[in-house]
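The first residue of the sequence shown is numbered 1, and numbering continues consecutively from there.
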Amino acid sequence: MASLKKPLSSDLISYVRDRLAPLSLTHRRVVVGLSGGLDSVVLTHILSRLTPDLGYHLSALHINHQLSPNADDWQRFSLSLARQLHIPFEAQRVDVRTDVGTSIEAAARAVRYGVFNVLPADYIVLGHHLDDQAETFFLQLLRGAGDRGLAAMPLLRSGIAHGPQYLRPLLEVSRAELHAYGLAEKLSWIEDESNQNIIYARNFLRHKVLPVLEKRFPAYRKTIYRVTRHLAESAQLLDELAAHDLTNALNEDKTLSVAYLRTLGVARAKNLLRAYLDSQNAPPPPAARLEQIHKQILARADAHIELTMGAYTLRRFNDALYVEPTLTPWTHCLEWRGESELPISPLGGALVFQEIPGQGLSLDRLLAQPVTICSRLGGEKLKPDCARPRRSLKNLLQEARVPPWRRAYLPLIYSGKELAAVVGIGVDCQFKASAGEAGLLVSWKTNRP
């Protein structure tokens with residue numbers, strides 16, 4: 001990608017046009033994030049100039065984080081600029097709350113992207129530039145990030161499914177070049193007073209560390225950008241390798257084959273584990289934790305493996321790795337009064353009841369006594385096969401290869417004191433619906449993403 005040279009206004013406009021033209025933005029809904037700062041003001045000004053050429057529908061969005069006493073002034077300034085440029089404008093106020101261990105910057109970013117992700121737009125355009133890239137690289141480096149964390153922000157990035165995509169056309173343009181454009185076009189912008197506060201890590205780097213680095217290595221920004229592009233390519237290769245391994249390692253029930261994992265070297269196995277955890281919506285573990293997980297999963301075959309990761313738990317059973325929500329004990333009964341769905345909160349889901357003639361439970365026989373849904377207590381027996389004797393539920397669960405930890409959470413359906421069915425295992429012979437008889441099919445629906 002060619003780099004911008006002398007930042008005359010016409011050069012910068014042409015540069016951004018070259019970044020956007022291949023995307024075919026005609027008739028697309030494009031929203032620019034307008035904070036009122038230098039980068040977003042310059043970006044908004046350029047996008048307004050390019051609207052006739054590229055044919056998109058441009059609007060501006062200002063996120064009012066309410067963190068500064070000047071926040072409302074910044075919102076009014078942004079509105080004034082949008083009106084000057086004849087761009088539709090919207091402002092949204094958000095509440096930024098921090099949890100333990102979360103910085104105010106990270107919390108504000110999360111809230112901001114929460115707004116962006118649900119906008120009725122095709123693209124969100126943001127003003128991140130070359131200096132942002134360098135600062136982010138050093139922040140990630142000091143946090144001990146790997147290839148993915150150190151990789152550069154891309155020009156185009158997808159957001160959530162069915163949400164807008166993110167565009168950053170200024171990534172190779174320095175803050176100094178944006179400043180020169182603003183002066184040449186006689187633009188005004190807001191200076192956020194918090195940008196001078198070196199208590200924030202990014203500001204400390206910007207004001208105390210990078211100016212020293214620049215004196216000795218004046219081209220450090222572009223050098224770091226090249227490095228981040230190489231790292232982005234490495235991360236992409238790792239993702240492609242993980243996708244290949246995941247295709248080969250997944251069992252039919254979406255568990256992970258430990259046998260396949262054993263065939264891989266340590267680095268490749270950990271790469272696969274990261275991809276599998278991500279596919280199961282589990283949070284990525286730190287490097288040291290991932291190392292520990294890998295070692296324990298590959299421990300001797302008869303070892304009991306159970307690793308808790310906050311809301312998720314990893315377990316190994318029959319040489320397969322399971323990643324499931326961490327469940328709370330369920331040791332009581334619920335009465336069923338004919339609902340089509342019966343939520344069981346501790347299990348993170350609900351029982352679904354469908355009336356289908358000749359299938360599942362006989363409604364008449366089931367409703368002869370009050371119907372309850374209970375957890376296992378032990379010692380239960382069931383006769384799902386009319387040609388065989390009644391059997392212990394324990395043996396039936398073992399035969400069905402139900403993982404041990406799931407057995408305590410299976411919903412049992414009772415008619416009075418008689419066990420009529422076990423969801424996922426079968427219906428007792430005396431409660432099975434005959435052909436043409438009113439029947440009730442019971443299934444499980446999880447709330448897990």
Side-chain angles (χ1 to χ4, degrees), residues 251-255 280 311-313 315 317-318 320 322-435 437-449:
N251 299 315
E252 289 185 5
D253 61 356
K254 303 303 181 184
T255 58
Q280 300 300 300
Y312 289 83
T313 300
R315 297 181 177 91
F317 175 68
N318 282 342
Y322 293 74
V323 181
E324 299 180 342
T326 303
L327 299 177
T328 53
W330 181 56
T331 56
H332 59 280
C333 293
L334 301 173
E335 186 175 353
W336 181 65
R337 298 185 177 89
E339 303 95 327
S340 59
E341 286 192 15
L342 183 64
I344 304 180
S345 298
L347 305 188
L351 286 177
V352 179
F353 300 85
Q354 296 175 284
E355 292 189 28
I356 302 178
Q359 294 190 37
L361 289 151
S362 164
L363 263 177
D364 286 343
R365 274 167 277 174
L366 180 69
L367 297 176
Q369 298 287 335
V371 178
T372 52
I373 314 298
C374 299
S375 58
R376 280 188 69 198
L377 295 176
E380 298 89 352
K381 292 188 176 183
L382 192 73
K383 188 177 181 180
D385 186 344
C386 295
R388 299 180 66 181
R390 187 173 298 278
R391 303 175 61 195
S392 72
L393 181 55
K394 178 181 178 180
N395 288 340
L396 289 170
L397 293 173
Q398 290 173 340
E399 187 177 278
R401 300 174 70 85
V402 176
W405 64 89
R406 288 184 182 172
R407 297 171 192 173
Y409 295 98
L410 285 175
L412 278 56
I413 303 175
Y414 285 87
S415 175
K417 294 184 178 180
E418 295 186 80
L419 180 58
V422 178
V423 177
I425 299 300
V427 176
D428 192 88
C429 180
Q430 64 176 325
F431 286 94
K432 286 187 177 181
S434 304
E437 183 183 11
L440 186 70
L441 271 183
V442 186
S443 59
W444 177 255
K445 181 179 77 172
T446 182
N447 293 335
R448 183 184 178 191

In Å and rounded to the nearest 0.5 Å, what is the [atom1] to [atom2] distance from [X] to [Y]?
X: Leu393; Y: Lys381; atom1: CG; atom2: NZ; result: 11.5 Å
X: Leu441; Y: Ile356; atom1: CG; atom2: CD1; result: 4.5 Å
X: Glu418; Y: Phe431; atom1: CD; atom2: CZ; result: 4.5 Å
X: Leu382; Y: Arg391; atom1: CG; atom2: CZ; result: 10.0 Å
X: Asn251; Y: Asn318; atom1: CG; atom2: CG; result: 10.0 Å
X: Glu380; Y: Lys394; atom1: CD; atom2: NZ; result: 12.0 Å

Within a strict 4.5 Å, meaning less than it, do heavy atoms of the [X] and [Y] side chains meet?
X: Arg315; Y: Arg406; result: no
X: Trp444; Y: Val352; result: no
X: Arg407; Y: Arg376; result: yes
X: Leu419; Y: Asp428; result: no
X: Gln369; Y: Lys417; result: no
X: Thr313; Y: Glu324; result: no

Shortest non-hydrogen contact from [X] toward [Y]:
X: Arg401; Y: Phe317; value: O-CE2, 3.6 Å
X: Ala400; Y: Ile425; value: CB-CD1, 4.0 Å
X: Pro411; Y: Ile373; value: CB-CG2, 3.7 Å
X: Thr372; Y: Gly416; value: OG1-O, 4.5 Å
X: Val427; Y: Lys432; value: O-CE, 3.2 Å
X: Ser415; Y: Ala420; value: N-CB, 4.4 Å

Original post:
Going by atom types only, do Asp253 and Thr255 share a side-chain donor-acceptor pair under 3.5 Å?
Top reply: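 There is such a pair (donor and acceptor under 3.5 Å, judged by atom type) between the side chains of Asp253 and Thr255.
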
Subject >> Positive for side chain to side chain contact (heavy atoms under 4.5 Å, CB included) with Val423, one of Leu412, Leu410, Ile413 >> reply: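 Answer after filtering Leu412, Leu410, Ile413: Ile413.
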
**OP:** Could you tell me whether Glu437 and Arg365 make a salt bridge, using a distance below 4.0 angstrom between a side-chain N and a carboxylate O?
**Re:**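 Salt bridge between Glu437 and Arg365, a charged N being under 4.0 Å from a carboxylate O: yes.
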
Original post:
Between Trp336 and Phe353, how do the two ring planes meet: parallel, tilted or perpendicular, split at 30° and 60°?
Top reply: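 Geometry flag for Phe353 against Trp336: parallel rings.
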
Subject >> Sequence-distant partners of Arg337, salt bridge (Lys or Arg N to Asp or Glu O under 4.0 Å), two or more places apart >> reply: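 By the salt bridge (Lys or Arg N to Asp or Glu O under 4.0 Å) rule, Arg337 matches Glu335.
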
Original post:
What do you reckon, is CD of Glu355 surrounded by more than 12 foreign heavy atoms closer than 6.0 Å?
Top reply: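 Counting neighbours around CD of Glu355, 12 or fewer heavy atoms of other residues, nucleotides or ligands fall under 6.0 Å, so no.
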
